[in-house]
Each structure stands twice: as structure tokens, then as C-alpha cells.
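First the proteins, then the strands, lettered A, B, ... as listed; each starts at 1.
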2 protein chains.
Amino acid sequence: MQITFLGTSAGVPTRARNVAGLALRLPQRGEWWLFDCGEGTQHRIIRSQLSLGQLTRIFITHLHGDHIFGLPGLLATGKLAAGGRRTHVYGPAGLEDYLRACWQHTEAQGSFPVEVHTVEPGEVFADEGFIVSCLPLVHRVPTFGYRVAERDHTGKFQVEEAARLGVPSGPLYGKLKRGETIILPDGRRIDGRQLVEPMQRGRKFAYCSDTTYCDASVELARDADVLVHEATFAQQDEELACRSKHSTATMAAQVALEAHAQSLILTHISPRYVPGNPITPNDLLQEARAIFPRTEIAYDFFSIEVARC
Amino acid sequence: MQITFLGTSAGVPTRARNVAGLALRLPQRGEWWLFDCGEGTQHRIIRSQLSLGQLTRIFITHLHGDHIFGLPGLLATGKLAAGGRRTHVYGPAGLEDYLRACWQHTEAQGSFPVEVHTVEPGEVFADEGFIVSCLPLVHRVPTFGYRVAERDHTGKFQVEEAARLGVPSGPLYGKLKRGETIILPDGRRIDGRQLVEPMQRGRKFAYCSDTTYCDASVELARDADVLVHEATFAQQDEELACRSKHSTATMAAQVALEAHAQSLILTHISPRYVPGNPITPNDLLQEARAIFPRTEIAYDFFSIEVARC
């Protein structure tokens, strides 16, 4: 699992930062998922290592323009790349109406192999490898944060080693796989636990944007290997954050701390923190690190591995 | 008058070319107008010398995504820059519904000081300096080409020279301004035509995209100083052009020739003409120049003065 930031600005694009978009790569599947899709996300994808033909799922947090205005164009372009494969889009109520309206007015209705899923708190997608769930955050419109939990891998049974020890294939294999001890016809005792590799804990990734500090963020980020949390403002601009229902870097760090996350990445940085403003994005980073040291601040195209700790 | 290309690709963006967008700068007014607004147009504006605060009018040719998916985001960002000033948007029926749908689903309705004008063939805007008119082109959906005609300037009266010659201010000035000859009390004859600068013909700019070859393009481009015409395909791909109702470079050149335009700029180039395809954008240029030598091919950020000939 690897995440790549396609946009890290809040509200409007700047020369350096595009509006919201984040890719989660699942190399073992040859596919990737997108979280939010501000205008120009497809332009960022063109300049990345990502292939539109491998994009299978899109998760939208909320229906503000800086999170969805890139979706119609991305789907129109992606249609060409998808080769008939269906793209699944998840998001709050209203998302399907929005897309339908865009397509209706642009003569494209019906031509996109897209399935839109309206999410409710709880599980939104699950298969043999992953569970994706969401919870409502606290913003000015209905907004969902997402948690992607890789399933734990039960330890692999070392079948070659069992064969080398002379265990006959059949029911004894099942016992060994369950970690039981068996006795072979020649009297040897074999401990199954020696033949099963340790269980591999699944990795966890949480994405909380846009929101002010809330318990749902903490719950989504519980024990996450990587928490990506919005940090639109510095704590000095807390009043702005409260009024617009955004977070300060301090709030993001508090979420990471309370959730016992392994690492925090700040994104959705206000365009106000440009040269000329005495506060810089680096100040947001230092502010968060004072509370939660394992923090980074995202920039466009920043990539990081979601690694087990 | 100066035009700047903000996007020159057809259908989808490429690394080098964004989708449709063209700025017409009117430096004498301290404002500029936009023609079409594909996704990412505001990103191109950020990287240009153009200021969103000086954008006053937007003309949309048709409701295909590669010409309008950047409009909601541009208006949302532009609202911040406009300082309460109203932005006028002109385009085919359905444009207002599209924008309303985007705003309705993104909590932004009512917050944009935007006035949408549904255009009909003929004059769409006129003031003391310019007349903008449109005609229906031939594409898969209702599409309009635009012509911007600067009004002719009557020659300036050289008031300082009249004073130097001892003409008393008053009714004699009026006669001189009209080019008449007057006799001063001291018997000198003064020819008004010597005191009035020659009339300045207004400049004319035409924008025809998307369309296959049609008479309306010729009419819009009549005697234009600059004609910007789509040239999605090479003549070798004429079948594709006819099927999708686009133009070849040859068709664009024929329009320029028949309209007696002064210059032609090709844009809306198919992304198929990339390395690997034996046909290149330069081939489109040469194809057009064989018919109409005063042709250029646009690239993103290409700027050119609309000069009187």
C-alpha cells in the first residue's frame, strides 16, 4: 500500500498545490483507489506514475467543489482508459444527482460505466483483502471520513517443510495448519505452530477531510499506520477553523495522539500560508510535531508507503 | 487585443496541452474575456500573466465537458477575486441549468455574482467599444462560434494643432472635425481633413470550435485579423472528422481562405498526434499552410497580438 498526494490545497488551487485528491495504490492487486477528486486531479494523474486504467474505486468525502469538480472530467477521460470496466464511486447522498446533472447537460449520460454508491456510516466496501468503512465528520455539509483496513493475513502453512518431515497429505495437514500437535505413524511428534508463519496484521489507513476536531476522526484513525488528516489552519487561526469547521494542525495532531496512530500526514493546507504571511506550512508541521512527533506535511506528488509497524 | 491559448487539446488533456480555453485580453480596458473553459483552465490562468480579478466575460461554445468542466471551479475561485463584481457568462441553452446543478449539489448556490446569458444567433453583446456576435456551427450538439468586432475609431481631431493655427474654439472646431474647410478672419483657409487623423478600422477576431467545415465559420471569420479555428484532425483522418463533426486542418484553412482572413491559428488538436503516430501537429500546420500560408498552430500559453493589417 502506498499513498500519493495529488492535491494538498484547501478551497482553491495554487501554483504549487492542487485541490484535494489522494491515491492509494494497492500494487499486489495492480489497482489503485482515489480519495476525493478536485478539479485538475486527472492532470495530476497524467504527471504521476498512476495509470487511469488501473483506477477501480473512488471515495468522495463531501460535495464541496474542491473535492468533486474534477470527477466528471476524470470519469469522462477514464472511460476511455477503462476498456469497459466499471468504476465504483462512493460518497454522500447527492453525489449521484450531481454526476447525473453533469452528464445530462454535457451529452454524456449513459456512456460512463460508473456505479455510484451512497455511503452510510459503517462498512462501505469489503472483499477478501480489505474492509473500507466510513463515519460522519463535522463539517458544514454531510462529510465522511474513510478507514481502509487490510485484513489480517493468517500465517502461511509451510507445506514444503511438512512434506520434508514426511507428513502424509490429508487430514493431518489441517491439524497442523490449526497449530495442533500431531503424532506420525513412526512416533515423531510434530508441533503445527512450528509450521505456520506468524500472523501478519493488516495495515490501516485513515483519511479525515474536511472536518474540525471530532471523535469520529479518532475512531477512524484508531491504531492506523497512516492517518491523513486535514490541517487547513494554524492554531493561531483557530477562530477561522471553528467558523468554517476545519481543523488546525494542533487538532489533527490531537486526533493522531488519541487514536494511537503510528504516523500523521497533514494535508488540505490553506492557500493563505504563502510567502508574505508570517505563518508558513512548516509552522503547521512544527505545531503538530510538538504534540505528535511522527508527523509530516504533504505536498503534491508526495508518496509514502503505508508500512506495518 | 491579445489572445492567449490556455488549452489546445481536443477531448482530454495531455501532459503538454490542456483542454479548451482561450483568453482575449483588452489591455485598454484593463479586462479580459475567456472563450471556453475546460477543466484546469483556472490552473492555466494561475500560470499565466492573467488576473482572475480582471475577467469580466466568458463565452462558451457548447456543452461538451472539455469546454465547460472548468467553469464551476473557475467561478468559485473567481468569486473570491471578483470583489463582488458580476461575471457575465454567455452560451447555449442548458448552460445555466448545468451551472445551477453544480452549485446546488455543492452548497454554493447563490454565492456567485454570475449572470448567465443564453445566446441566439446574432449579436450577443455590444458596448461602445465592441460587438460580439455568434452563429451556430455544425457539431454533435448545439454549438456557437463567436466573432469579436472592435468598433471603427473615427479619426482623432488634433485640437492642439488647431489652437496653434489660431482657430478660435467654438463652432469652427466642429466644422474642422467633420473635415470641412473653414476661412479664418485673417483670410487663411484651413482644411479640416489635415487636422483629423485617419479613421482606424476596428480589429476583428473569430473563434470557431467545435465544428466541421461550414458556411457559418466563413461568415464569422469574414475579414478577421485573427481566426482561431479548430483542427482536430489531419486530412488523412477526414473520416474521423466527418464522423465526429470536427474539422481537419485543411477545412480550417479553407475557411480562412474563403473568409479572406488575415491569419489563422489552429487549435483543439487531437491527442492522437503524439510521438508514435506518424502524423504530428506540425503536419497539420503544413497541411493548412499549403492552402492558407498565414497559419500558425497553437500551443498552451501561445500568445499573439490581434493586429490591424
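Most heavy-atom pairs under 4.5 Å with chain B, from the set Gly11(A), Gly38(A), Gly40(A): that is Gly40(A).
In this structure, the portion of Ile68(A) lying under 4.5 Å from any heavy atom of chain B is its side chain and not its backbone. Heavy-atom distances place the backbone of Leu74(A), and not its side chain, under 4.5 Å from chain B.
Nearest heavy atom pair, residue Pro13(A) against residue Ile46(B), reads O-CD1, 3.4 Å.
Using a 4.5 Å heavy-atom cutoff, the side chains of His43(A) and Arg15(B) are not in contact.
In this structure, CD on Glu39(A) lies 7.0 Å from OG1 on Thr77(B), to the nearest 0.5 angstrom.
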